[in-house]
Each structure stands twice: as C-alpha cells, then as structure tokens.
Amino acid sequence: MAKSPDAFRSISEAATEVGVPQHVLRFWETKFTFVSPVKRAGGRRFYRAQDVEVLKGVRRLLHEEGLTLKGVARLHKTEGLKRILGEDTATGPVDALSPPAASTAAQAPAGTGLTDDQRERLTSVLRDIEAARTRLEAALSR
C-alpha cells in the first residue's frame, strides 16, 4: 500500500526518495538551517513532503548544478527557499526541459551589460543547444 503524498517519511524512505544515503541527510541537517525534520521521542526523524522537496532541491544544487555547501547556504540566505526548491520567484517553477523563447539573447534589455559580440555568441550557443535538443527528442521518440 502506497503512502499518502502528505504522510511523514522515515529517514530511510526520505533518503531513497531523494537519492542519497541516510547519513547524508543527517549531515545536511547540520549544515543547513532550513533542513529540519520532525524529531520524535528517541530522536527518530520524520520528514514531511515539503522537507523531501527541499532535500531534492539541495541534492540538485549540489550534485547537478555543482554548488558547494557554502554556496547552497548562501543561495538560501540571499534568494530564499523558493530558489532551493527550483522556483524562480518571477516566473514560477523552473523547468529545465522546456526551451526558452527563441532568440532570448536578442530580446535582452539594453542594460544587460553584454556587448554585441557577447550577445551574438550567446544567441549562437542557444541555437546550437536548441538544435541538439531537437535531435535528442527525435532520437528518443524512435
């Protein structure tokens, strides 16, 4: 029988869902003030659904985006929990697979601090990435 999405998870269930060993969750708890599971008698940890989402965000930032422990803590301090969860405060959830609007670099406001050469280079890189994404989607749909 599957647990309700709102049910508490033990440390082993949370670790499995996040994709890290249990000791890593305990370690993160010492490094990040925003990681705080509910502790029952005897010190047993129970994670709420939102705790698991935060932990997944920490894992993504550390393992996929390459931030350091201090970098994640600094990011939380400057941008808050929404950034840890992968939400852009201006546009909502960040979707890494959805392509940006075409020619985003060309539409950048004049005050971006980019030279015309940098803007052209970024536009070229964006086109290359979009072409690679299209080829990848075509290969995966076969």
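Just so it is clear, the model here is predicted, and its values are computed rather than measured.
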Side chain to side chain donor-acceptor pair (under 3.5 Å) pairs, two or more places apart, involving residues 30-44: E29-K39
Sub-4.5 Å side-chain heavy-atom contact between Y47 and E13: no
Would you check, one step at a time, whether the test side chain to side chain contact (heavy atoms under 4.5 Å, CB included) holds for V72 with W28? CA-CA 11 Å; V72 173; W28 287 350; over 6 Å; no
Working to the nearest 0.5 angstrom, can you tell me the gap between L61 CG and L69 CG? 11.0 Å
Interatomic distance, Q50 atom CD to L55 atom CG [nearest 0.5 angstrom]: 11.0 Å
Could you give the distance from CD (E53) to CG (L81), rounded to the nearest 0.5 Å? 11.0 Å
What residues form a salt bridge (Lys or Arg N to Asp or Glu O under 4.0 Å) with R48, not counting sequence neighbours? D51
Sequence neighbours left out, what passes side-chain contact (heavy atoms from CB on, under 4.5 Å) with T134? Give chain and number order. none
How close do P21 and A15 get, counting heavy atoms only, and between which atoms? C-CB, 4.0 Å
Can you name the nearest heavy-atom pair linking R59 to V18, along with the distance? CD-O, 2.9 Å
Sequence-distant partners of S124, side-chain contact (heavy atoms from CB on, under 4.5 Å), two or more places apart: R121, R127, D128
Partners meeting side-chain contact (heavy atoms from CB on, under 4.5 Å) with R26 (sequence neighbours left out): I11, Q22, H23, R45
Heavy-atom nearest pair, A49 first then P5, reads CB-O, 3.3 Å
Excluding V125, membership of its hydrophobic cluster (Ile, Leu, Val, Met, Phe, Trp, Tyr; side-chain heavy atoms within less than 4.5 Å) reads I129
With R74, which residues qualify under side-chain hydrogen bond (donor to acceptor under 3.5 Å, both in side chains), at least two apart? none
Pairing residues for S4 by the side-chain contact (heavy atoms from CB on, under 4.5 Å) criterion, not counting sequence neighbours: D6, A7
Set of side-chain hydrogen bond (donor to acceptor under 3.5 Å, both in side chains) partners for E65, sequence neighbours left out: R60
With sequence neighbours excluded, residues passing salt bridge (Lys or Arg N to Asp or Glu O under 4.0 Å) with E120: none
Set of residues satisfying ring-ring contact (aromatic ring centres under 6.0 Å, His included) with respect to F34, sequence neighbours excluded: F32, H76
Remaining members of hydrophobic cluster (4.5 Å side-chain criterion), F46: F8, V38
